[in-house]
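Remarks on the structure that follows.
It should be emphasised that the depicted structure is a prediction, and the values quoted were computed from it without experimental measurement.
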Amino acid sequence: MENQHENKNDNSHYFILIPSEVLRMSELSEGAKLLYGEILALSKKEKYCFANNDYFINLNGVSKRTIVSRIKELKDHKLIRTEVFRNKNQQVEKRNIYVLMDYSNRNVTVENNHQMRLSENLKKIKKNATV
């Protein structure tokens, strides 16, 4: 797999950003928040992250079970979506992880962007009409 960040054994540095909306999600574990930041950083170039579990295991020094659990947490909270590619023997060959937040329109999911804006605008119109 292509090196997605600098080699963690060298002296180069990078940082990740975790959006404040995600940091404030009390129902999300701290580890899932950190993983989300990693996925965001790895998604910048290709608009998705293709790191496998082994990459995250080595980076964070945790078990496969922990990574799988954190990814499930992020999926359950609709922060990410995964796409798995399997070979003809149904073995996983590749996984893409897509971030479902459009940070150019803060706190709006890409898939529900239009619906949410319409709903918010209708609420504002109704509120102003009753004043």
How does the hydrophobic cluster around V84 look, that is, which other residues are in it when side-chain heavy atoms under 4.5 Å mark a link?
V92
Is there side-chain contact between Y98 and T82, with heavy atoms separated by less than 4.5 Å?
no
Please report the closest heavy-atom contact between V99 and S43, naming both atoms and the distance.
CG2-OG, 3.9 Å
Please report the shortest heavy-atom distance between A51 and I97, naming the atom on each side.
O-CD1, 4.4 Å
Please evaluate residues S69 and T66 with respect to the criterion side-chain hydrogen bond (donor to acceptor under 3.5 Å, both in side chains), reporting the C-alpha separation (whole Å), side-chain torsions for both, the decisive distance (0.1 Å), and the verdict.
CA-CA 5 Å; S69 173; T66 298; over 6 Å; no
Least distance between heavy atoms, A32 atom then E73 atom:
CB-OE1, 3.6 Å
Rounded to the nearest 0.5 Å, how far does CG of L28 lie from CG of L34?
11.0 Å
Joint hydrophobic cluster, V68 plus L42, side-chain heavy atoms closer than 4.5 Å:
no
How long is the span from the CG atom in L23 to the OH atom in Y36, to the nearest 0.5 Å?
11.0 Å
Scan side-chain atoms only and decide if N53 and R95 contain a donor-acceptor pair under the 3.5 Å cut-off.
yes
Residue set satisfying side chain to side chain donor-acceptor pair (under 3.5 Å) with K64, at least two apart, ordered chain then number -> none
Would a 4.5 Å heavy-atom cut-off, applied to side chains only, mark L79 and V22 as touching?
yes
Donor-acceptor contact present, side-chain Q91 to main-chain R86, <3.5 Å:
no
Note, F56 side chain near C49 side chain (heavy atom, < 4.5 Å):
yes
Looking at NZ of K78 and CG of L100, how far apart are the two atoms once the value is rounded to the nearest 0.5 Å?
9.0 Å
Can you name the residues that form a side chain to side chain donor-acceptor pair (under 3.5 Å) with E27, not counting sequence neighbours?
none
About how many Å separate CG of N52 and CD1 of I57, when rounded to the nearest 0.5 Å?
8.0 Å
Note: I67 and L35 closest approach over all heavy atoms is O-CD2, 4.4 Å
Can you list everything that forms a side chain to side chain donor-acceptor pair (under 3.5 Å) with N89? Sequence neighbours excluded, please.
none
If you take all heavy atoms of L40 and P19, which pair is closest and at what distance?
CD1-CD, 3.5 Å
Which residues satisfy the side-chain contact (heavy atoms from CB on, under 4.5 Å) test with K72, sequence neighbours excluded?
D76
As an exercise, state the distance from CG of N60 to OG of S63, rounded to the nearest 0.5 Å.
11.0 Å
E30: side chain to side chain donor-acceptor pair (under 3.5 Å) partners, not counting sequence neighbours:
K33
Gap separating the CZ atom of R81 from the CG atom of L74, nearest 0.5 angstrom:
14.5 Å
